[in-house]
Amino acid sequence: MEFPRDYQPAQDLLRDRVILVTGAGDGIGCAVARACASHGASVILLGKTIKKLEAVYDEIEQAGGPQPAIYPMNLEGATPVDYDQLALTLEENFGRLDGLLHNAAMLPYLSRLKDYEIEDWLKAMQVNLNAPFMLTQACMGLLHKAEDASVVFTGDSVGVEAKPFWGAYGVSKFGVEGMARIWAQELARTPVRVNLVDPGPTLTALRKRVFPAEDSSQLKAPDEPTPLYLWLLGGDSRSVRGERFSW
């Protein structure tokens, strides 16, 4: 299925929707959070760096969007208890969850598998694969309380076609690609729809850290693919399930 590149979201597309975005402090997560708020959503900003989250919070408020919420969480060390507490807090404050974007990711470095540090491997798998699983599972009850809930996972081409040196990140993305498809099939007859987005090479802090010599002028800005995310998180894609989109 192809995303309509000429898509123009209505200004009230996400009015009264509650949307949780992980990795909301910068990059694509920040851009999508701001875009969601500008179209009426109450956005929950989840990330590990409070200062960054506060900056996004201020930008949303200054732009006149609905008051967002900040939920600091370091996915690297979060436990099932932490996710249950998050779900309980969302239940008490919002009562439901209409959208969930799994955007946060960790890519320590490029390396041959035989040289990969075990500790770094475990951290990357925890953030990139285990966290989206545990967060989705913990929030499933809240998602089912929405009339039309959307879960968006973040994929990558290295999780579809194996490439050397991508290590734990590459392996974790293979896992995410499969997990998204399984969730989509298991939830096919429910109000919760699941899709996956591969945003492609984007000018983010993660990308710059791994490829410091790369010509950044050839990369897309983090806000370029936001129409796709808005479409998937809003009601215009209500019938779209189990699809993979690339930007």
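None of these values were measured; they are calculated from a predicted model.
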Can you see whether [X] engages [Y] through a side-chain donor-acceptor pair at a distance of less than 3.5 angstrom?
| X | Y | result |
| --- | --- | --- |
| Ser239 | Arg241 | no |
| Gln137 | Tyr83 | no |
| Asn103 | Tyr229 | no |

Of Ile44, Leu45, Leu20, which is the lone residue that meets side-chain contact (heavy atoms from CB on, under 4.5 Å) with Tyr71?
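That would be Ile44; it is the only one of Ile44, Leu45, Leu20 passing the side-chain contact (heavy atoms from CB on, under 4.5 Å) with Tyr71.
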Would you mind telling me which of Leu135, Leu86, Thr22 makes a side-chain contact (heavy atoms from CB on, under 4.5 Å) with Met73?
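Checked Leu135, Leu86, Thr22 against Met73; only one passes side-chain contact (heavy atoms from CB on, under 4.5 Å): Leu86.
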Residue of the set Lys52, Gln67, Gln62 for which side-chain hydrogen bond (donor to acceptor under 3.5 Å, both in side chains) holds with Tyr57
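When side-chain hydrogen bond (donor to acceptor under 3.5 Å, both in side chains) is applied between Tyr57 and each of Lys52, Gln67, Gln62, only Gln67 qualifies.
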Show, in sequence, the C-alpha distance, side-chain angles and deciding distance for Thr202 and Leu219, and conclude whether the side chain to side chain contact (heavy atoms under 4.5 Å, CB included) test is met.
CA-CA 5 Å; Thr202 307; Leu219 300 175; 5.9 Å; no
State whether the side chain of Asp198 and the backbone N or O of Ser157 hold a donor-acceptor pair below 3.5 Å, judged by distance alone.
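Such a contact is found between Asp198 side chain and Ser157 backbone.
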Is the terminal nitrogen or CZ of Arg193 (NZ for Lys, CZ for Arg) located under 6.0 angstrom from the six-membered ring centre of Trp183 and within 45° of that ring's axis?
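No, Arg193 does not sit over the ring of Trp183.
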When you check the gap from the basic side-chain N to the acidic O, do [X] and [Y] get nearer than 4.0 Å?
| X | Y | result |
| --- | --- | --- |
| Lys123 | Glu119 | yes |
| Asp236 | Arg238 | no |
| Asp223 | Arg34 | no |
| Glu91 | Lys145 | yes |

same_hphob_cluster(Leu228, Met1) at 4.5 Å side-chain heavy-atom cutoff
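Result: yes, single cluster for both.
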Determine, using ring centers only, whether Trp231 and Phe245 are less than 6.0 Å apart.
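Here the rings of Trp231 and Phe245 have centres that are less than 6.0 Å from each other.
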Supply the atom-to-atom distance [X] [atom1] to [Y] [atom2], rounded to the nearest 0.5 angstrom.
| X | Y | atom1 | atom2 | answer |
| --- | --- | --- | --- | --- |
| Gln126 | Thr79 | CD | OG1 | 9.0 Å |
| Lys48 | Leu53 | NZ | CG | 11.5 Å |
| Ile60 | Cys30 | CD1 | SG | 7.5 Å |
| Asp26 | Thr49 | CG | OG1 | 7.5 Å |

State, to 0.1 Å, how close [X] and [Y] come at their nearest heavy-atom pair, and which atoms those are.
| X | Y | result |
| --- | --- | --- |
| Phe165 | Arg112 | CE2-CG, 3.4 Å |
| Thr226 | Ala35 | CB-CB, 4.2 Å |
| Pro9 | Leu230 | CG-CD1, 4.0 Å |

[X] side chain near [Y] side chain, heavy-atom distance below 4.5 Å:
| X | Y | result |
| --- | --- | --- |
| His144 | Leu187 | yes |
| Arg96 | Glu147 | no |
| Thr154 | Val176 | no |
| Leu110 | Phe211 | yes |

